[in-house]
Each structure stands twice: as structure tokens, then as C-alpha cells.
Amino acid sequence: MGRFGAITMDASHHSPAAQDSGSLPNRMTVIRARAAGGPEVLVSNVAPVPKPGPRELLIEIWAAGVNRPDVLQREGRYPPPAGATDILGLEVMGCVVDAGSRTHRFGHGDRVMALVVGGGYAEYVAVPEGQCLPVPATLTATEAAGLPESLFTVWFNLCMRAHLKSREWILIHGGGGAIGTMAVALSAVLGCHVVTTTGSARKALSLRSLGAAQVIPYTQNDFWVALHCLCATHGGFDVILDMIGGPYFEKNLGLLAPDGRLVQVAFRQGSSLQVDLAPFLYKRLTFMGSTLRAQKPAAKARIARSIERRVFPYIEAGKLCPVVDSVFQLQEADRAHARIDDPEHFGKIILVTEKGADQGLRPVPPAVHGW
Ligand SMILES: NC(=O)c1ccc[n+]([C@@H]2O[C@H](COP(=O)([O-])OP(=O)(O)OC[C@H]3O[C@@H](n4cnc5c(N)ncnc54)[C@H](OP(=O)(O)O)[C@@H]3O)[C@@H](O)[C@H]2O)c1
């Protein structure tokens with residue numbers, strides 16, 4: 001075994017085996033960060049199984065997605081919002097095992113995927129019913145677990161806010177990550193002309209198969225020149241999705257077409273800068289940004305309903321599906337975090353629980369993608 005291995009149970013906690021008088025256990029295994037740091041700070045310990053509120057479902061988790069915000073939380077740079085659990089994890093797939101008195105759509109035994117405010121690296125989670133979606137028959141359980149965080153983020157930002165339309169030109173920075181792969185695939189099925197950047201020539205092939213018309217390596221010094229050359233042929237990008245910020249901001253403004261929209265979902269290279277804002281006036285540009293996690297359950301429920309109406313037809317037709325990079329056991333969350341820090345990862349990293357294993361879900365080593 002390498003530097004990371006199966007996480008051992010924190011010795012200060014008891015076994016999760018105790019059951020209450022019903023069929024559900026009253027304690028469960030969860031993964032938390034014991035301190036700010038690298039993947040090795042992740043520990044397994046025991047927490048009470050949550051009780052669903054009146055408008056909540058209790059989900060027995062089969063699989064959970066690993067996301068960049070989980071890494072930032074582990075590093076102590078992204079604390080959970082007030083009132084949210086410190087158990088990691090923002091998305092799950094599983095089976096409903098209990099429902100609050102004011103839920104109306106899903107019931108015991110239904111398979112759902114859900115966006116959660118935290119608590120996904122666990123065996124059970126209570127989640128507002130509005131944040132749950134049925135699992136389309138075209139998705140495997142692990143694909144479904146990796147869908148909500150990226151799809152909610154991408155759909156909300158690109159379509160509900162930036163009003164991305166068919167035949168528009170879109171530039172997606174960082175196409176190889178979880179957000180990037182979903183943004184490329186979704187924009188392509190919507191009929192947009194998709195250009196993306198990536199740090200790996202080998203990922204470029206996979207991004208083309210997801211629907212990118214052009215893939216520009218951001219590791220080349222002249223990649224901004226290459227992007228400007230592309231703009232010369234069509235007049236600029238209608239929408240740019242950026243997660244880098246810092247020095248990218250002003251360069252993005254230069255690439256936007258008149259009435260273009262710059263959508264910011266993260267600032268990996270800084271959020272403070274001095275910039276000439278004149279292009280906002282003479283090109284009538286719009287700048288927008290958002291974070292998903294901090295939004296209220298009602299807002300997340302609106303995104304869920306919009307996705308169900310507008311995106312599910314593509315998923316159910318087999319035209320849209322998250323890219324799964326690799327699958328680890330819940331107890332290997334440290335290895336999953338080491339993988340997301342590996343620039344070779346492409347798409348989503350998933351954790352499976354023991355209940356997921358009972359359903360036939362198995363670890364899958366990091367993919368080679370046929371590169
Ligand atoms: N605002 C929100 O609601 C929200 C929600 C979720 C995530 N996020 C943020 O969105 C970002 C992406 O999340 P993720 O889950 O997709 O993370 P991820 O899987 O780690 O992907 C990040 C990607 O960034 C790309 N990248 C790194 N350096 C780059 C550079 N200099 N230029 C262009 N691309 C570069 C890499 O692309 P390649 O692999 O192609 O090289 C990498 O795949 C994170 O910062 C995350 O915190 C925001």
C-alpha cells in the first residue's frame with residue numbers, strides 16, 4: 001500500500017453496529033477531517049444517523065461524489081455553511097429509507113440522487129426532498145452519485161443565469177475536471193460550439209469525444225494567442241466559464257463577443273485584481289458568479305426542477321452522462337482525495353459504501369481512458 005490506505009476507525013469512537021428498535025441503525029460510519037491538511041487528515045468515526053425533518057428524506061447512501069470543494073474544506077479553506085454538518089460530501093445516490101411527514105414525492109425504497117449541503121461521506125444523510133431527483137434508467141448508481149454537484153453548478157450558471165443558447169460559442173477553461181467535463185458535455189448536447197482548455201494532451205482526445213470542437217492546451221505559452229485566433233474567425237465567445245480568475249479575468253474580457261457573458265465559479269489564481277472595465281461598456285458585457293452550497297433549499301429545489309424539465313430528456317436519451325474517473329470504498333476517502341489532487345484525473349471520483357457494495361457497486365481503479 002502507498003502513502004495512503006484504508007482509513008482506520010478513530011479509536012475514541014464505538015462501533016456503528018447498535019440498532020434502535022426499528023430496522024434502521026442509530027449510529028453510522030462517517031468521514032471527517034480531524035484537522036486542516038492533506039488527505040491523511042481524513043478519519044473515519046461514528047455519528048448518529050440523522051432524523052429527517054418534516055420536509056426531508058433519509059437516504060441510505062450507496063455512493064457519494066468527491067468534489068474539489070471537499071478538498072478545500074479538508075484543507076481548512078472552505079468551512080461548511082452555518083448549521084451544516086462538518087461531515088464531508090456534497091452529493092449522494094442511494095435509497096430512501098424514511099420520509100418526513102410533509103414530503104410528498106418520494107417514499108421508502110425509491111432510488112434517488114441528491115445534492116446535499118454536507119454529510120455525503122456517510123452511510124445515511126437527511127436531505128430536503130426538493131434537492132432529490134429520481135435516478136434515470138440510463139445512469140449507473142456511481143454515475144448518478146457523481147451527477148448532482150457538477151450538473152446543478154453548470155446548469156444554474158450556464159443556462160439559468162447566463163442563458164446559454166444553441167449555436168452560441170462557449171469557452172470552458174479547465175475542461176478536464178468534474179465541472180469542466182460536465183460543462184463540455186452539456187454545452188455540446190445543447191448544440192453550442194464548444195472550445196475548452198486542458199493541461200493534458202491526453203485529456204484533449206477525451207474532451208473531443210465529449211463534444212468539444214476545439215481543445216487548446218493551457219500549458220502552451222501562446223494559448224491565449226490560439227484563443228484570439230479562434231475568435232478572429234467568429235467574432236468572440238458568447239459565454240466563457242472560468243474557474244481560474246486572477247490573470248485570466250482581463251484576458252477573458254478580450255475574448256468575449258458583444259453582449260458576452262463571463263461566468264465565474266472559482267478563483268484558483270486569485271480574486272483581487274486591478275482591471276480596465278471599459279470592455280463592459282463598449283461590448284455590453286455581463287459578469288456573473290455564484291456558489292451553489294450557500295444557496296437556500298428552495299433555490300436548490302428550483303434548480304432541481306429546472307434540470308428535471310430541461311436536462312433529463314438528454315440523460316434519458318443516453319446523450320448526457322457524467323464521466324467517472326475512478327471509484328473507491330468510503331474507507332478509502334484519503335486515496336480518493338489523493339486522486340483528485342492528481343492532475344491526471346479526468347471527471348468524477350466516487351466513494352461506495354458497504355450498502356452500495358451489497359448492491360453490487362465495486363471499486364474501479366483510476367481509468368486509463370484509452371489515451
Ligand atoms: N461556484 C460553485 O458553485 C462551484 C461548485 C463546484 C465547484 N466549484 C469550483 O470549480 C472548480 C472546479 O471544480 P472541479 O470539481 O471541476 O475540480 P477538478 O475536478 O479538480 O478540476 C479542476 C480543473 O482545473 C483545471 N485547471 C487547473 N489549472 C488550470 C489552468 N491554469 N487553466 C485552466 N484550467 C486549469 C484542470 O483542468 P485539466 O484537468 O483540463 O487540466 C482541472 O481539471 C474548483 O475550483 C471548485 O472549487 C465551484
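All values reported here derive from a predicted model rather than from experimental measurement. Whatever order the structure lists them in is the order used to number ligands and atoms, beginning at 1.
- Only the backbone of S290 comes within 4.0 Å of ligand 1, judged by heavy-atom distances.
- Taking atom 30 (C) of ligand 1 as the reference point, the nearest protein heavy-atom neighbour is Y248 OH, 3.4 Å.
- Residue nearest to atom 15 (O) of ligand 1, selected from A178, G289, A294, S206: A178 (by heavy-atom distance).
- Among G245, S200, G177, the residue whose heavy atom sits closest to atom 21 (O) of ligand 1 is G177.
- Each of the following atoms of ligand 1 lies closer than 4.0 Å to a heavy atom of T291: 1 (N), 2 (C), 3 (O).
- Between Q269 and ligand 1 there is a heavy-atom distance shorter than 4.0 Å.
- For the 3.5 Å distance criterion, the side chains of Q359 and R111 fail to qualify, holding no donor opposite an acceptor.
- We find that E344 and R202 are joined by a salt bridge, their nearest charged nitrogen and carboxylate oxygen being less than 4.0 Å apart.
- The backbone N or O of P365 sits nowhere less than 3.5 Å from a side-chain atom of S326 that would complete a donor-acceptor pair.
- A salt bridge does not link D238 with R167: every distance from a Lys NZ or Arg NE/NH1/NH2 to an Asp or Glu carboxylate oxygen is 4.0 Å or more.
- Counting only heavy atoms of the protein, atom 38 (P) of ligand 1 lies nearest to T198 OG1, 3.6 Å.
- Residue contacts with ligand 1 do not include N67, since none of its heavy atoms lies under 4.0 Å from the ligand.
- Of all atoms in ligand 1, listed by their number and element, those nearer than 4.0 Å to a heavy atom of G199 are 38 (P), 40 (O), 41 (O).
- What sits closest to atom 6 (C) of ligand 1 on the protein, heavy atoms only, is E149 OE2, 3.2 Å.
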If you apply the rule side chain to side chain donor-acceptor pair (under 3.5 Å), what do you find for Y121 with D70, and how did you get there? CA-CA 10 Å; Y121 295 11; D70 305 344; 2.7 Å; yes

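- Between H173 and D242 the shortest heavy-atom distance is CD2-OD1, 3.4 Å.
- Nearest protein heavy-atom contact of atom 48 (C) of ligand 1 is V265 O, 3.1 Å.
- In this structure, A63 and I61 approach most closely via the heavy-atom pair O-CG2, 3.5 Å.
- Between the side chains of R74 and H337, at least one donor-acceptor pair of N or O atoms lies under 3.5 Å.
- A salt bridge is defined here as a Lys NZ or Arg NE, NH1 or NH2 lying under 4.0 Å from an Asp or Glu carboxylate O, and R105 with E308 meets this definition.
- M93 and L57 fall into different hydrophobic clusters, where Ile, Leu, Val, Met, Phe, Trp and Tyr residues are linked whenever their side-chain heavy atoms come under 4.5 Å apart, directly or through other members.
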Carefully, step by step, assess K348 and E91 under the rule side chain to side chain contact (heavy atoms under 4.5 Å, CB included). CA-CA 11 Å; K348 299 288 312 201; E91 60 186 349; 2.6 Å; yes

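- Taking any N or O of I244, backbone or side chain, none lies under 3.5 Å from an N or O belonging to ligand 1.
- A centroid separation of less than 6.0 Å is found between the aromatic rings of W224 and Y248.
- Distances shorter than 4.0 angstrom do not occur between any heavy atom of K348 and any atom of ligand 1.
- Regarding atom 25 (C) of ligand 1, its nearest protein heavy-atom neighbour is G174 CA, 3.6 Å.
- Distances between N or O atoms of P69 and those of ligand 1 include no value under 3.5 Å.
- If you check each of F346, F223, Y218 against atom 28 (N) of ligand 1, the one with the closest non-hydrogen atom is Y218.
- For K283, the NZ atom is densely surrounded, since the number of other residues' heavy atoms within 6.0 Å is greater than 12.
- Only the side chain of K203 comes within contact range of ligand 1, with a heavy atom under 4.0 Å; no backbone atom does.
- Interface of L292 with ligand 1, defined as ligand atoms under 4.0 Å from a residue heavy atom, comprises 2 (C), 3 (O).
- Judged by distance alone, the side chains of S306 and W155 do bring a donor and an acceptor atom under 3.5 Å apart.
- For atom 23 (C) of ligand 1, the closest heavy atom belonging to the protein is M243 SD, 4.1 Å.
- Contact annotation: for T153 versus ligand 1, heavy atoms closer than 4.0 Å belong to the side chain alone.
- At the top of the distance list for atom 18 (P) of ligand 1, counting protein heavy atoms only, stands H345 NE2, 3.7 Å.
- Closest to atom 45 (O) of ligand 1 among all protein heavy atoms lies A266 CB, 3.2 Å.
- With a 4.0 Å heavy-atom cut-off, ligand 1 is reached by the backbone of I179 and by its side chain too.
- Which of M182, R268, R68 comes nearest to atom 22 (C) of ligand 1 through a heavy atom is settled by distance: it is R268.
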